[in-house]
Novice: 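Pasting a structure here, questions to come.
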Amino acid sequence: MTATPAAALLRVRDLKTYFVTEHGRGTARAVDEVSFDLYPGETLGIVGESGCGKTVTSLSILRLVPEPPGHILPGSLIEFEGRNLLALAPPELRSIRGNQIAMIFQEPMTSLNPVFTVGDQIAEAAIIHQRLSRRAARARAIEMLKLVGIPDPEQRVDDYPHQMSGGMRQRVMIAMALICHPKVLIADEPTTALDVTIQAQILELLDRLQHELGMAVLLITHDLGVVAGHTDRVVVMYAGRVVETASTTELFEHPTHPYTEGLLAAVPRVDTPRSRLHAIPGQVPAATAWPTGCRFHPRCPYAWEKCVAQEPPLLDAGGGEGEGGRHTARCWLVTEPERRQAKR
Amino acid sequence: MTAPPAPPPVAAPLVDVRDLVKHYAAERRWFGLGRPRPPVRAVDGVSFTIPSGRTLGLVGESGSGKTTVGRTMLRLQEATGGRVLFEGRDVFALDSRALRALRRRMQIVFQDPYSSLNPRMTVQETLREPLEIHGLAGTVAALLDEVGLDAVFAKRYPHELSGGQRQRVGIARALSVEPQFIVCDEPVSALDVSVQAQVLNLLADLQARRRLTYLFIAHDLAVVRHIADDVAVMYLGKIVERAPAAEIYALPRHPYTRALLSAVPEPDPKAKKNRIVLSGDVPSPAMPPPGCPFHPRCPHPLKSARCRTEVPPLREVPAGSGHLAACHYAEQPMK
Ligand SMILES: Nc1ncnc2c1ncn2[C@@H]1O[C@H](COP(=O)(O)OP(=O)(O)OP(=O)(O)O)[C@@H](O)[C@H]1O
Ligand SMILES: Nc1ncnc2c1ncn2[C@@H]1O[C@H](COP(=O)(O)OP(=O)(O)OP(=O)(O)O)[C@@H](O)[C@H]1O
Ligand SMILES: [Mg+2]
Ligand SMILES: [Mg+2]
């Protein structure tokens with residue numbers, strides 16, 4: 001579970017993925033200079049406002065961004081075991097995708113093919129990458145369905161996606177992703193459609209595979225309870241940028257970026273009675289028109305002139321030199337902490 | 001549609017669901033291969049009422065029939081049995097014209113926003129359509145503003161939106177026709193917590209302003225706690241517990257509810273976990289176990305032979321409390 005300063009399995013550097021929106025309404029800078037590392041055996045959480053670029057980041061890693069309208073800009077680097085995925089030829093890429101790097105997609109219904117049974121779709125990766133026979137692959141598919149807690153797997157393997165509930169489809173996606181024992185699993189909101197007992201079961205399954213196989217997980221989730229319980233480090237994104245990184249305990253104890261602070265305050269809790277929830281005021285800007293200066297400044301309770309004029313870099317927020325790596329925040333408050341106090 | 005100054009203490013139910021049943025027949029295999037399958041008993045005798053202006057939270061196991069309840073209530077799917085009364089009128093007996101009129105007053109926000117939006121229509125077109133059909137005064141800009149989306153999104157297509165942005169378009173569409181009742185099927189599960197808080201506050205404000213009634217389907221018990229007046233818990237097509245929200249969170253009387261509450265992940269990396277782990281296979285809704293449907297996985301220390309043979313009825317414990325539970329040992333709930 002611990003991140004060792006060994007070689008990173010996956011390195012993302014200055015990733016920029018833009019979309020030309022239809023009818024020439026401008027360029028959506030969906031992912032804008034995103035960098036992070038993923039180490040073997042660790043779980044890195046990505047959290048952030050809806051529309052901030054989490055899904056596009058993960059799709060970029062597997063080069064699944066539809067081109068056009070999307071494109072990954074030159075100067076971006078995505079390195080897996082020392083190889084730049086952005087420079088690989090399609091056949092090489094295919095041998096990695098779904099085999100060494102697998103992905104659980106956010107919307108199961110759109111990524112499952114409605115005309116094939118779920119069993120065929122789960123088995124496919126095992127047939128292609130592990131060269132299993134049809135019969136063996138089917139048996140593996142049933143085994144995987146059982147592992148993700150689908151009742152009656154021998155029967156359900158022949159279901160079509162529309163015959164399953166939302167949560168079952170999500171587990172089918174998980175089964176597909178895990179069948180080849182990938183080294184890196186990118187899980188985009190893998191448990192949003194699941195009830196908490198099954199969610200716990202799935203997350204434990206991921207934890208176990210991680211221990212047994214040293215799999216690294218990039219976990220995109222908006223559930224901060226899941227982040228707290230199942231990640232080692234966290235990357236917080238806002239408006240296409242990384243705005244804070246820290247070890248999970250450090251982030252929860254010392255949230256530094258005002259967006260992170262607002263996020264943690266908005267979490268509904270099961271042990272507090274009905275009440276109005278804290279929400280960050282204002283709206284998420286559109287990716288075609290990010291604000292100038294710090295992209296969070298129009299919604300920030302602390303913002304001052306400097307924040308409007310100049311975007312802060314990722315600054316060292318201190319307190320995080322330990323095993324979880326550095327704690328950084330893209331916020332001028334790091335240089336002028338007294339301003340935070342004044343507001344409180 | 002302005003709210004009356006003070007709601008009566010016990011409002012008449014706006015929605016009254018009685019013994020709702022939905023079975024899916026097993027599809028016949030081609031070439032006659034494979035054994036014939038029994039039907040999936042997706043919803044198996046579900047009853048509840050929702051008073052006007054209130055929210056019933058519906059939680060439960062994945063695949064337990066929550067979405068099916070919502071869809072059959074609005075006749076997006078035909079029920080196998082039972083009745084649904086909306087303001088005292090039998091929804092299942094309406095002809096197609098009356099049903100269309102009713103659709104304006106009963107809306108749904110779908111669990112999967114992508115497949116429920118027309119990919120060839122911009123957000124603006126999607127939202128304008130119902131306004132025009134029903135001759136309503138609302139504007140697309142006002143609707144987008146209500147759900148916290150910038151006006152620039154009006155010209156986008158669904159594939160140009162993130163998951164959470166799409167979900168808000170789905171909510172805006174449901175609100176556009178000014179309904180009285182909305183089935184919200186996991187309306188915030190795709191949203192990050194700050195947008196989620198905005199949408200939940202919005203739903204609460206709309207409820208106060210327009211006296212809206214919600215069936216709120218969710219798996220996040222913390223979210224349900226913040227929106228629901230009453231909570232019903234489903235397991236294998238049946239309601240196994242139903243109570244006022246404060247009551248069910250303080251003293252869950254069904255062991256499945258207890259297990260659900262114990263599994264809620266805490267937003268604190270140092271939290272101690274006392275999760276009740278359910279063992280045993282998840283049973284199939286095509287072949288529910290005899291006796292109590294939960295018995296094969298039940299962790300209750302008092303579990304007995306009776307649980308394997310006798311179906312526990314949904315009954316009020318203690319009498320007069322309004323707290324219903326389907327457990328033989330509801331008087332001695334698990335700690
Ligand atoms: N094909 C596209 N054309 C134009 N803009 C796009 C396209 N796909 C995504 N975007 C924009 O890129 C931004 C990032 O989207 P992304 O799906 O990565 O968000 P996200 O962080 O995953 O959000 P969520 O939590 O809601 O899933 C959004 O503002 C979205 O509107
Ligand atoms: N069209 C269909 N044909 C056959 N079976 C179906 C169909 N739709 C749903 N089912 C089955 O009915 C049961 C209930 O499904 P439903 O979608 O109502 O569950 P749910 O409680 O909403 O679950 P989730 O929390 O995962 O969304 C499941 O076993 C599902 O596989
Ligand atoms: Mg996303
Ligand atoms: Mg559902």
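The sequence lines fix the lettering, A, B, ..., with proteins before strands; numbering per chain opens at 1.
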Novice: Using a heavy-atom cutoff of under 4.5 Å, enumerate the residues of residues 60-69 of chain B that contact chain A, numbered in order, or state 'none'.
Specialist: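 Against chain A, the residues of residues 60-69 of chain B that fall inside the cut-off (heavy atoms, under 4.5 Å) are B:G60, B:E61, B:S62, B:G63.
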Novice: Find the one option among A:L194, A:L264, A:V267 whose heavy-atom pairs under 4.5 Å with chain B are most numerous.
Specialist: A:L194
Novice: Quick one: NE2 on A:H278 to CD on B:Q198, what's the gap to the nearest 0.5 Å?
Specialist: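 The CD atom of B:Q198 is 10.0 Å from NE2 of A:H278, to the nearest 0.5 Å.
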Novice: Can you pull the ring-ring contact (aromatic ring centres under 6.0 Å, His included) pairs that have at least one residue in residues 255-277 of chain B, sequence neighbours excluded?
Specialist: B:Y235-B:Y256, B:Y256-B:F294
Novice: Let me know which of A:L277, A:V47, A:D223, A:L224 forms a side chain to side chain contact (heavy atoms under 4.5 Å, CB included) with B:V193.
Specialist: A:L224
Novice: Sequence neighbours left out, what passes side-chain contact (heavy atoms from CB on, under 4.5 Å) with B:P244? Give chain and number order.
Specialist: B:D230, B:E247
Novice: Output all residues satisfying side-chain contact (heavy atoms from CB on, under 4.5 Å) with B:D220, sequence neighbours left out; order by chain, then residue number.
Specialist: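 Listed in chain order: B:A222, B:V223.
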Novice: When you compare the side chain of A:R269 with that of B:V264, does any pair of heavy atoms fall below 4.5 Å?
Specialist: no
Novice: Between B:L200, B:I276, B:D150, which has the largest tally of heavy atom pairs under 4.5 Å with chain A?
Specialist: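 The candidate making the most pairs under 4.5 Å is B:D150.
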Novice: At what distance, to the nearest 0.5 angstrom, does CG of B:L221 lie from CG of A:D271?
Specialist: 12.0 Å
Novice: Would you compute the distance between atom CG of B:D192 and atom NZ of A:K54 and round it to the nearest 0.5 angstrom?
Specialist: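 These two atoms lie 6.0 Å from each other.
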Novice: Please give me the minimum heavy-atom distance between A:T249 and B:K270, naming the atom from each residue.
Specialist: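 Nearest pair, atom of A:T249 first, then B:K270: CG2-CE, 4.1 Å.
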Novice: If you compare all heavy atoms of B:P269 against all heavy atoms of A:T248, which two are closest, and at what distance to 0.1 Å?
Specialist: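 Scanning both residues completely, I find the closest heavy atoms to be CG-O, 4.0 Å.
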Novice: On a heavy-atom basis, which atom in B:R156 and which in A:A286 lie closest, and how many Å separate them?
Specialist: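 Where B:R156 meets A:A286 most closely, the heavy atoms are NH2-CB, 4.2 Å.
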